[in-house]
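When reading the values below, keep in mind they use all heavy atoms of this one structure, side chains included, and skip hydrogens, waters and symmetry mates. Count residues from 1 along the sequence. Remember, it's a predicted structure, so these values are computed and weren't measured experimentally.
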Amino acid sequence: KGLDTPAGQMAKQALGGITDITVGEPVFTGDKADVPTTSTLSFNGQTLKMKGTAHMIKDGGIWKFDATSSSPTDSMQFGKDLVGAPDVSGGGGGMAGSPTPPGSK
């Protein structure tokens with residue numbers, strides 16, 4: 001089934017709305033690295049600036065995504081980490097067209 005389910009179709013639509021992907025400087029720890037990511041996510045008429053982390057592992061001299069895990073929950077977390085969360089650091093994060101919170105400008 002996978003992407004043929006309603007949840008799968010929604011995930012496919014959301015992933016198709018990811019653009020403007022950039023990566024920052026990696027932080028190395030042995031044969032692993034965390035690479036900061038930013039992207040723009042457009043879904044259901046809304047646009048979000050996202051910040052995430054690409055977890056990498058060096059395998060046979062080649063850097064690859066580190067999605068290794070013994071738990072399905074951890075494997076799902078890899079995808080969540082990669083896409084990240086809305087960037088609310090003041091650099092244009094949040095939903096476009098959303099109301100301004102009280103007390104902010």
Side-chain angles (χ1 to χ4, degrees):
K1 279 189 156 185
L3 292 177
D4 293 331
T5 65
Q9 289 298 318
M10 197 163 107
K12 187 176 176 182
Q13 181 183 1
L15 292 174
I18 298 174
T19 60
D20 304 322
I21 301 167
T22 62
V23 296
E25 291 295 319
V27 176
F28 297 98
T29 306
D31 65 345
K32 295 189 176 196
D34 284 336
V35 182
T37 64
T38 61
S39 62
T40 301
L41 173 62
S42 298
F43 185 71
N44 284 342
Q46 300 294 317
T47 301
L48 293 168
K49 295 288 185 184
M50 305 294 285
K51 282 178 99 171
T53 303
H55 303 292
M56 309 296 289
I57 189 166
K58 197 170 192 178
D59 179 25
I62 299 171
W63 286 100
K64 302 177 180 181
F65 286 118
D66 184 6
T68 57
S69 174
S70 58
S71 162
T73 305
D74 290 345
S75 296
M76 289 173 46
Q77 187 62 45
F78 166 79
K80 290 178 184 177
D81 288 349
L82 182 61
V83 174
D87 178 4
V88 293
S89 65
M95 287 191 168
S98 61
T100 304
S104 64
K105 293 187 178 194

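The minimum heavy-atom distance linking Thr37 with Leu82 is given by the pair OG1-O, 3.1 Å. In terms of heavy-atom proximity, Gly30 sits nearest to Trp63 at O-CH2, 4.4 Å. When every heavy atom of Lys51 is checked against every heavy atom of Ser89, the shortest pair comes out as NZ-OG, 4.5 Å.
Proximity of Met56 to Val35: side-chain heavy atoms (C-beta onward) are separated by under 4.5 Å at one or more points. Using a 4.5 Å heavy-atom cutoff, the side chains of Thr47 and Ser42 are in contact. The side-chain heavy atoms of Pro36 and Glu25, taken from C-beta on, include no pair separated by under 4.5 Å.
For the atom pair Ser39 OG and Asp20 CG, the distance stands at 8.5 Å (nearest 0.5 Å). In this structure, CE in Met50 is found 9.5 Å from CG in Asp87, a value given to the nearest 0.5 Å. In this structure, the separation between CD on Gln46 and CG on Asn44 is 8.0 Å, given to the nearest 0.5 Å. A distance of 14.5 Å separates NZ of Lys58 from NZ of Lys32, quoted to the nearest 0.5 Å.
In the hydrophobic cluster analysis, where Ile, Leu, Val, Met, Phe, Trp and Tyr join through side-chain heavy atoms closer than 4.5 angstrom, Phe28 is grouped apart from Ile57.
Of the N and O atoms on the side chains of Thr40 and Lys49, at least one donor lies less than 3.5 Å from an acceptor on the other residue.
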